[in-house]
Amino acid sequence: MSNLRNQVVVVGTEGGKPTLSKKDNKNAEVIDKAVGGKGAVKVNKTLIDTKSLSSITAIETDWKKFHNSMVSPFKRAPRGCGIIKVSNLTEWENKYREDYRKWEKEVDAFCDNYDAVIEESKIRQGSNFNAGDLPENREAMRARFKFQKVQPYALENPDDLSFALNDQEIEEIKKEVSDEIMNAIKDSLSESYSTINKLIAALETQNEAVAKGEVHGYHESSLDNVREAADNLDNLNFTDHEGVNEIQSKMRDMLRGHTAKSTKASSTERETMLSEAKDIVSKNFSAFGY
């Protein structure tokens, strides 16, 4: 445990943004009466046009994708946090600062234009507009946005609490942390599992189409996504787990020398890849409970 603590830390971000919609009980009641049932209909009204937040959302989406490629989920950590290798922490921090600067600039631009946001909401909602649904001014709106780094900290070590806990309590905490580490290892495989199953589905659909004499195809991204997921395991396999290493190796071997074009053109090549992909799922992923 102490050795692992020297290799990884817990890191993450917490975020927040304005509510984009709100329950519209007034209109829901009107519709309920029309259909003859109380509580049968739920109605939401859009407070802010999502397009006006698209540049902010794009940055948050880019950050989330990067974060998920570097950080393994860990239930004992605060929400949005996980385990990262110490060797990857500088890259993570640099990317955070870069994305935060971009995000802050776009948020400020949105809030500087807040009067226009309110006017747009008034026009779109008409008689449904309620000024109390939205923050009253730019400063209040700006306070709704959050994209903050959680200060990295070392994974807890139950032995550090030996002065306050008895041996049984320490062993219980060790087991709990150990179990959560195994859960984190399993969760780190979710992207790989998802992409390889999507590839299997694409190959099987292609086989069905060929058998029926129909035209069908899939994109190179079906293979690229599996390659990217395998590459991400370099970062996510924070314990250097042999089972994860084997999955990564098999995924890479399965794709080596193949393209979407070549597999679509060759039924033999397609069947070989399909067989290998299913074998990885049934033998390797199943060992982690997938």
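Excluded from the calculations below are hydrogen atoms, water molecules and symmetry mates; all remaining heavy atoms, backbone and side chain alike, are included. Bear in mind that the values here come from a model prediction, so they are computed numbers and not experimental data.
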**Asked** Can you tell if the side chain of Asn207 reaches within under 4.5 Å of the side chain of Leu274, non-hydrogen atoms only?
**Response** yes

**Request:** May I ask you to check whether Phe145 and Phe110 place their ring centres under 6.0 Å from each other?
**Result:** yes

**Asked** Taking only residues two or more places apart in sequence or in another chain, which ones pass salt bridge (charged side-chain N to carboxylate O under 4.0 Å, His left out) with Glu191?
**Response** none

**Message:** Quick one, Glu208 and His216 - any side-chain contact, counting heavy atoms below 4.5 Å?
**Reply:** no

**Item:** Donor-acceptor contact below 3.5 Å, side chain Gln148 vs main chain Glu14
**Value:** no

**Asked** Looking only at heavy atoms, what is the nearest atom pair of Cys111 and Met141, with distance?
**Response** SG-CG, 3.8 Å

**Asked** Got Met182 and His241 here, is their nearest side-chain heavy-atom distance under 4.5 Å?
**Response** yes

**Asked** Counting only N and O atoms by type, is there a donor-acceptor contact under 3.5 Å from the side chain of Ser72 to the main-chain atoms of Leu236?
**Response** yes

**Asked** By side chain to side chain donor-acceptor pair (under 3.5 Å), which residues pair with Ser262, not counting sequence neighbours?
**Response** Thr259, Glu269

**Message:** One thing to verify: whether Asp62 and Lys65 come together as a salt bridge, which I'm taking to mean a side-chain N less than 4.0 angstrom from a carboxylate O.
**Reply:** no

**Asked** Atom OG of Ser192 and atom CG of Asn284: how far apart are they, to the nearest 0.5 Å?
**Response** 11.5 Å

**Request:** Quick one: do Val281 and Tyr193 satisfy side-chain contact (heavy atoms from CB on, under 4.5 Å)? Show the steps, please.
**Result:** CA-CA 7 Å; Val281 170; Tyr193 181 74; 4.0 Å; yes

**Item:** Gln248 and its side chain to side chain contact (heavy atoms under 4.5 Å, CB included) partner, picked from Leu233, Asn237, Asn232
**Value:** Leu233

**Prompt:** Which pair of non-hydrogen atoms, one from Cys81 and one from Val10, has the smallest distance, and what is that distance?
**Reply:** CB-CG1, 4.0 Å

**Request:** State, to 0.1 Å, how close Glu136 and Tyr114 come at their nearest heavy-atom pair, and which atoms those are.
**Result:** C-CE2, 4.3 Å

**Message:** Taking Gln206's backbone N and O only, do any of them form a donor-acceptor pair with Lys264's side chain (distance below 3.5 Å, no angle check)?
**Reply:** no

**Prompt:** Is the backbone of Asn245 close enough, under 3.5 Å, to the side chain of Ser249 for a donor and an acceptor to pair up by distance?
**Reply:** no

**Request:** Report yes if the side chains of Asn183 and Phe74 come closer than 4.5 Å at any heavy-atom pair, otherwise no.
**Result:** no

**Message:** Could you check whether Asp224 pairs with Arg227 (Lys NZ or Arg NE/NH1/NH2 to Asp/Glu carboxylate O, under 4.0 Å)?
**Reply:** yes

**Request:** Evaluate salt bridge (Lys or Arg N to Asp or Glu O under 4.0 Å) for Glu246 paired with Lys283, printing each intermediate quantity in order.
**Result:** CA-CA 11 Å; Glu246 185 175 354; Lys283 293 181 180 179; over 6 Å; no

**Prompt:** Which of these passes salt bridge (charged side-chain N to carboxylate O under 4.0 Å, His left out) with Lys102: Glu104, Glu106, Glu98?
**Reply:** Glu98

**Message:** Could you report the tightest heavy-atom contact between Ala277 and Ile200, atom names first, then the distance?
**Reply:** CB-CG1, 3.6 Å

**Check: Ser266 side chain, Thr263 main-chain N or O, donor-acceptor pair, under 3.5 Å** = no

**Prompt:** Between Arg124 and Glu120, does at least one N-O distance fall below 4.0 Å, as a salt bridge requires?
**Reply:** yes

**Request:** Mark yes or no for whether Ser275, through its side chain, and Thr272, through its backbone, hold a donor-acceptor pair below 3.5 Å.
**Result:** no

**Prompt:** For Asp108, what residues pass the salt bridge (charged side-chain N to carboxylate O under 4.0 Å, His left out) criterion, not counting sequence neighbours?
**Reply:** Arg138, Arg142

**Request:** Using a strict 4.0 Å threshold on nitrogen-to-oxygen distance, state whether Glu91 and Lys95 make a salt bridge.
**Result:** no

**Prompt:** Do Arg252 and Arg256 have side-chain heavy atoms sitting under 4.5 Å apart?
**Reply:** yes

**Request:** Kindly indicate, with the supporting measurements, whether the criterion side-chain hydrogen bond (donor to acceptor under 3.5 Å, both in side chains) is fulfilled by Lys198 and Asn225.
**Result:** CA-CA 9 Å; Lys198 288 179 181 177; Asn225 290 339; over 6 Å; no

**Fill in**
Smallest heavy-atom separation, Ala77 atom then Tyr153 atom, equals CA-OH, 3.9 Å

**Asked** Among Tyr96, Trp103, Tyr100, which one satisfies ring pair (Phe, Tyr, Trp, His ring centres under 6.0 Å) with Trp63?
**Response** Tyr96

**Complete:** In short, Ser190 meets Tyr290 closest at the heavy-atom pair N-OH, 3.2 Å

**Asked** For the hydrophobic clusters of this structure (ILVMFWY residues joined by side-chain heavy atoms under 4.5 Å, transitively), does one cluster hold both Tyr218 and Val210?
**Response** no

**Request:** Determine, using the 4.5 Å side-chain heavy-atom cutoff (strictly less than), whether Val150 and Trp92 are members of one ILVMFWY cluster.
**Result:** no

**Asked** CG of Asn88 to CG of Asn235: how many Å apart, nearest 0.5 Å?
**Response** 4.5 Å

